[in-house]
S.K.: 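First, the structure itself, so that you have it in front of you.
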Amino acid sequence: MKTAIVLSTHAARFNAVAFKGDFEANVAKIATWGYNGVELAIRDPKLVDANALLTMVNQHGLKVPAIGTGQAWGEEGLSFTDPAPDVRAAAIQRVCDHVPFAARTGAVIIIGLLRGIVKPGVEHEQAYAWLVEALQRCSATAAPHGVRLVLEPINRYETTLINNVDQGLALIEAVGADNFGLLLDTFHMNIEEPTIEDSIQAAGDRIFHFHVADSNRWYPGAGHLDFKSILDALFATGYQGFVSGEFMPLPDADTSAQRSIAHLRQIQGG
Ligand code: LER
Ligand code: MN
């Protein structure tokens with residue numbers, strides 16, 4: 001099992017010395033705890049010194065299996081389904097801008113909340129059509145570079161577009177690109193899927209990335225999810241990617257990161 005953990009960065013501040021110091025200290029700790037990778041959230045790749053970032057991460061023996069793009073939605077309001085054409089175009093451009101860095105690291109580019117939510121006054125069907133078109137364009141840009149894109153089904157309380165695996169698989173069908181797949185997150189699956197293991201099996205080889213958090217969004221082992229059964233189902237699909245921890249930093253970030261990997265390893269050994 002290859003493990004990663006989401007590391008909150010603020011791309012715009014990455015060049016600041018103090019932040020860089022904190023960032024490197026976190027990377028060093030993550031490596032010491034036995035993780036194999038860090039999943040990075042990058043708002044705008046133009047604001048990141050990719051060479052410095054990669055050198056640092058690699059010096060600690062870590063990979064970057066995935067790039068999160070949600071800050072562009074949270075901080076700039078970019079989305080594939082905004083009624084304003086220039087906002088949709090900027091969202092598409094932003095994802096395409098991630099491709100060179102993703103190609104260097106082998107990372108998947110995550111489409112989480114950047115897909116948007118259906119805004120008032122927009123028909124769901126229209127938003128879906130914009131979503132499909134955006135994903136087709138981004139997948140086509142990424143494909144020649146060997147880069148894959150993943151859409152994450154996200155629970156109903158955060159978005160009205162693509163909440164579960166069935167909807168994700170229908171979207172994959174509509175987009176029709178080999179380099180477009182799914183990121184499954186056990187926290188969202190616990191809310192939306194009838195049976196997590198069956199949905200993992202249904203998603204099969206379209207699972208390109210995997211997030212773990214327990215039922216309460218604490219670290220695995222802190223809630224009531226059966227991670228042995230979930231990971232068995234995941235690896236039975238032939239999944240060879242990273243199991244990436246994305247959970248609340250409770251009781252504190254360091255403790256949660258260490259308890260997560262301890263729990264997952266114990267399950268894998270047992
Ligand atoms: C991001 O990976 C995620 O799971 C979402 O809940 C972010 O809002
Ligand atoms: Mn997630």
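In each ligand, atom 1 is the first atom listed, and ligand 1 is the first ligand listed. The residues of the chain are indexed from 1 along the displayed sequence.
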S.K.: Does the shortest distance from the Mn ion (ligand 2) to an N/O/S atom of His188 fall below 2.8 Å?
M.R.: no
S.K.: Which is the closest N/O/S atom of Glu152 when seen from the Mn ion (ligand 2)?
M.R.: OE2
S.K.: Going by the closest heavy atom to atom 4 (O) of ligand 1, which one wins out of Glu39, His188, His209, His211?
M.R.: His188
S.K.: Just give me the atom name: the N, O or S atom of His211 closest to the Mn ion (ligand 2).
M.R.: ND1
S.K.: Between the side chain of Ser215 and the main-chain N/O of His224, is any donor-acceptor distance below 3.5 Å?
M.R.: yes
S.K.: Might you point out which heavy atoms bring Trp130 and Asp82 nearest each other, and give the distance in Å?
M.R.: CZ3-O, 3.8 Å
S.K.: For residues Phe247 and Leu7: do they belong to one hydrophobic cluster (side chain heavy atoms under 4.5 Å, members Ile, Leu, Val, Met, Phe, Trp, Tyr)?
M.R.: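 Yes; tracing contacts between hydrophobic side chains, which count when under 4.5 Å, links both residues.
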S.K.: Which pair of heavy atoms, one from Met189 and one from Ser199, lies closest together, and at what distance?
M.R.: CE-CB, 3.8 Å
S.K.: What do we get for Leu113 next to ligand 1 when only non-hydrogen atoms under 4.0 Å count, side chain, backbone, both or neither?
M.R.: side chain
S.K.: Given atoms OD2 of Asp185 and OE1 of Glu246, what angle do they subtend at the Mn ion (ligand 2), to the nearest 10 degrees?
M.R.: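 Angle OD2(Asp185)-the Mn ion (ligand 2)-OE1(Glu246): 80°, rounded to 10°.
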S.K.: What residue and heavy atom of the protein are closest to atom 3 (C) of ligand 1, and at what distance?
M.R.: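 Minimum-distance protein heavy atom for atom 3 (C) of ligand 1 reads Glu152 OE1, 3.2 Å.
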S.K.: Taking Arg206 for its side chain and Phe180 for its backbone only, find out whether a donor-acceptor pair lies under 3.5 Å.
M.R.: yes
S.K.: Under 4.0 Å, counting heavy atoms only: does Arg217 come that close to any atom of ligand 1?
M.R.: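 Contact check Arg217 vs ligand 1: positive.
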S.K.: Enumerate the atoms of ligand 1 whose separation from the nearest heavy atom of Asp185 is less than 4.0 angstrom.
M.R.: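 Ligand 1 atoms under the 4.0 Å threshold to Asp185: 4 (O).
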S.K.: Please state which protein non-hydrogen atom is closest to atom 8 (O) of ligand 1 and give its distance, to 0.1 Å?
M.R.: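 Closest protein heavy atom to atom 8 (O) of ligand 1: Glu158 OE1, 2.5 Å.
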S.K.: Look at the aromatic rings of His211 and His209 and report parallel, tilted or perpendicular, splitting at 30° and 60°.
M.R.: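 His211 vs His209 ring planes: perpendicular.
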S.K.: Between Ile111 and Phe80, is any pair of side-chain heavy atoms under 4.5 Å apart?
M.R.: yes
